[in-house]
Q: 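So that we are looking at the same thing, I have put the structure below in structure tokens.
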Amino acid sequence: MIRIAVALMLAHSVLLSQEPQKQDKSSQQQRKKYALVGGTVLPVTSAPIENGVVLIENGAIKAVGKASEVQIPEGFEKIDVTGKYVMPGIIDSHSHMGVYSWPSVSANSDGNEAVDPITPNMRVEDAINTEDPAFKRAVAGGVTSCLVIPGSANMIGGLGMVLKLRIGNRIAEMQYQKAKRSMKMASGENPKRVYGGRTQLPSTRMGNFAVLRDYFQKAKEYKQKWLTYEEKKAKGDDVQPPEFDAKLDALTQVLDGKVLVQIHCYRADEILTLLSISNEFGFKIRGLHHCLDGYKVADQIAKYGCAVATFADWWGYKVEAWDAIPQAPAILAAKGVRVTMHSDSPDIGQRLFHEAAKCVKYGMAEDEALKTITIHPAWMLGIDSYTGSLEVGKDADIAVFSKHPFDMYTLCDMTFIDGEIVFDRKKNLDYWGDVMGEKK
Amino acid sequence: MRFSIAIAAVVCLVSCEFVRRQDGQEQPPKPQSDFTAITGGKVFTMNGEPIEKGVVIFEKDKIKYVGDSQAEIPAGATVIDAAGKNVFPGFFDSMTSVGLVEIDAVKETRDTDEASDPVTPQVNVFDAYNLQSEVIPVTRINGITNVLSAPGSANPIAGMAAIVNLESDLASDPFNKRLAALMMNLGESPKNTYGSRNVIETRMGLAAKIREAFYKAQEYKTKKEDYDKKCKDYDKKIAEAKTDEEKNKIQKPEPPAFDMKREANLKALKGEIPIIVRAEKADDILTALRLQEEFKFKMILCGAAEAWKVTDVLKEKSVPILVGPINVQPDSMENSGATYQNCAVLAKNGISFAIQTGDNHNVRNLPYMAGLAVAYGLPWDDAMKAITINPAKILGVDDQIGSIKAGNLANVCIWDGDPLQPRSKILHVFIKGKDILLESRQTRLAKQYGGK
């Protein structure tokens, strides 16, 4: 009896000792509430607001409006952003941060499993180095989300992942859980150069598309085999499952529409072939990447309905980039195509607002240019219901700039992800490489 | 046989395509008198304070006059009203490979690196410069009128850089200076080129190779001087000789064998031309300084991502620097200290520098690279000098370009705002006094496909 009592007392005391820990966790989960006041708010999906207010609560945007119209409740920490610009956090629709992390030595080269042109079963999270300094630099450039994908050595490179740039966390915490995965594909000079250089298939554009069609046909048949098996099993038939194939299994996700499709392409004829192949096999392309000849087939792309992730003014580095023109993003946008400015490099990845500014230089309307780094990439990544604009209920993914984002002398002063300050220019000096501050 | 004819035909067709598409040959020049006068604009001469409502007068290819609105405009001059606009010298990108690479991925169009031998001081950019490059029109329509075009970074001693006006007329001579500088490279790039061939694998090997080449050049110089002395002696003895028999006995001196490489290196060692040394890492910058100490050549540093770490030495030795690319971020082992603040630190320490892109197809973004430096602490005035008068002075062509002054080439641009802002528009580009059509293959493609 006494032993039971002692045991119970011990158990009770253990339980008691656990309670204070529980309390600490829940207080950590109580996030700060912020009111960004006095700045020009650029919601992107609605008109700019002079002397605006943005309220942040529980990781989401609680209110957006004029200072005269938005009441700031008790418990909201006011952040004075007078003279500054408050916009949605920038979204990079094409990044290799983490899979080609700094320093760029062969040991860190993890973005192209270039042993076979078809590797749909590769997954970027198996390679992402979450400590890549490039992530810090991106956050210091106002980026809150990015799509990390394999490179373009392979016709089908593998599954990419949307991340929220929560620096200092492991990959599971960085993954944007609500976002669909994306399958990365490529065409053109890169695959045929990589494999042609080894006298392997593909070494021509004929080879490129032959390989692609071959695998999609196989995936179609694989999918059917499994469907037939499931049907028969349900009926009670004694059937053996088909042999598992990792590549075909991954491709089935494309056919089923379970993952978004992002394709690297350049030449006009190639773009049309890709649209046609997608129709042939019954999947939808979400984003055409680089797509430098896209302006020549803008009508077809607009009709198809996919987005285009591209450069502002890169050209001339390959034959397929020879016809690239800086007016292309404006031409595509005028036809109703969702155009995004992507980085494809950690360098541009922290200055995407400069890319958008160049779009304006070459003929794009300013409000449309702002969309190229916010709501359009959000759509391309399948996260536009959750982020990419300053709207009530959306994730509080916000960037505060010292001047208009298209002003050459602007700096990102603060970055919020899910309502938390992940970057403050005055405090996080190492994020953007300050050397003058240290010398003080 | 048929196959090689077919290849030749394809090459002809392809090169004809490129020729046919070249700007300048297809468009008639804008009608202009011998005199052009730009009036009413704010003239940023780069020689002192800007002139409000200034007047700039060209006569043919040169600037004849810069002054205030009191100036008398020559009769019949083409007058350009620049009221409310800004007048700048054409910008000068002091490190590019313009004209040396048409498409990076196509070997036939790459002429930057004579990597058949690590020491090639005798090869000249002016022998490879492609006047028909599409990069030329694309670049100049954003206000860059001059570039230094240099050999690449594969060789420790790479060859002779040239300075050009961005003209595309095959009949013109675009060169401001054919032999502008000898190019030297330290660090990872030459190591990577020659490491795989087991020719140079370490930084020790790199510096040793350079020293060897310079010792040989010095030895060659001594031999030449020796020969000159012997010639003088010989002439003296011949003059003193009384008979033909005596004369025939006097031995005629043998000249040293002509050595093209040593001749080229000697030009630099004698100080006739500077040596531009590419180095990013602080230690490599110090190696450059050490070599300069040993061989006493005129040195200009280039790249210099980590220059901000060694400002004391740079200031002490008064080494001018061609800094760039400004957007360099830590990505290799040798530029791990890269920061956007590099220029701001150098300016603070009173070190003379220019801003360069180190690029080719993207030289047109030189103003935005300067703008990026301004965003990170470089005063605007310093940024403007860094893309005009500073590179001109550093490279010894300030009597031709880099500022708006009488006697310089009429390389001048008119902007509707701050040229470092992407929302500003360029209105006129004058190169050697010619009002250049603001067109390129890209603007024509844009028009064709419904763009502006």
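The chains referred to below are lettered A, B, ... by the order of the sequence lines, with proteins before strands, and numbering in each begins at 1.
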Q: Quick one: of A/Asn108, A/Val319, A/Asp313, A/Val105, who has the most non-hydrogen atom pairs under 4.5 Å with chain B?
A: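 Ranked by contacts with chain B, first place is A/Asp313.
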
Q: Give a yes-or-no answer on whether the side chains of B/Asp418 and A/Tyr409 include a donor-acceptor pair shorter than 3.5 Å.
A: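 B/Asp418 vs A/Tyr409: donor-acceptor pair found between side chains.
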
Q: Is the gap between the ring centers of A/Trp432 and B/Tyr340 under 6.0 Å?
A: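 Between B/Tyr340 and A/Trp432, which both carry aromatic rings, the centre distance is not below 6.0 Å.
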
Q: I'd like to verify something: which residue of B/Asn342, B/Val106, B/Thr339, B/Val101 has the highest number of heavy-atom pairs under 4.5 Å with chain A?
A: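 Top count of heavy-atom pairs under 4.5 Å with chain A: B/Thr339.
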
Q: Would the distance check show the side chain of A/Arg351 and the main-chain N or O of B/Asn327 forming a donor-acceptor pair, the cut-off being under 3.5 Å?
A: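 Pair absent, no side-chain N/O of A/Arg351 close to backbone of B/Asn327.
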
Q: With respect to chain A, which residue among B/Val328, B/Asn362, B/Asn335 yields the maximal number of heavy-atom pairs within a distance under 4.5 Å?
A: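 That would be B/Asn362.
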
Q: Please determine whether a side-chain nitrogen of the Lys or Arg among B/Arg441 and A/Asp323 lies less than 4.0 Å from a carboxylate oxygen of the Asp or Glu.
A: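 Here B/Arg441 pairs with A/Asp323 in a salt bridge, since their nearest N and O are under 4.0 Å apart.
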
Q: In terms of heavy-atom pairs under 4.5 Å with chain A, which of B/Gly371, B/Ser332, B/Pro330, B/Ala375 leads?
A: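 With the most close heavy-atom pairs to chain A, the winner is B/Pro330.
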
Q: Looking at B/Met333, B/Gln442, B/Lys425, which one has more heavy-atom pairs under 4.5 Å with chain A than the rest?
A: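 Highest number of heavy-atom pairs under 4.5 Å: B/Gln442.
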
Q: How many angstroms lie between CH2 in A/Trp102 and CD in B/Gln329, if you round to the nearest 0.5 Å?
A: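 These two atoms lie 11.0 Å from each other.
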
Q: With chain B, which of A/His354, A/Lys335, A/Glu366 has the greatest number of heavy-atom pairs at distances under 4.5 Å?
A: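 Heavy-atom pair counts peak at A/Glu366.
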
Q: Applying a criterion of heavy atom separation less than 4.5 Å, what residues of residues 128-138 of chain A form contacts with chain B?
A: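 Near chain B, by residue number: A/Arg137.
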
Q: Among A/Ala298, A/Gly316, A/Ser104, single out the residue with the greatest number of heavy-atom pairs under 4.5 Å to chain B.
A: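 When all of A/Ala298, A/Gly316, A/Ser104 are compared, A/Gly316 has the most.
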
Q: Mind checking salt bridge (Lys or Arg N to Asp or Glu O under 4.0 Å) for A/Glu189 and listing every partner two or more places apart, or none if nothing turns up?
A: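 For A/Glu189 there are no salt bridge (Lys or Arg N to Asp or Glu O under 4.0 Å) partners, ignoring immediate neighbours.
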
Q: Counting heavy-atom pairs under 4.5 Å with chain B, which one of A/Val360, A/Ile348, A/Asp347 comes out on top?
A: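 Counting heavy-atom pairs under 4.5 Å, the top option is A/Asp347.
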
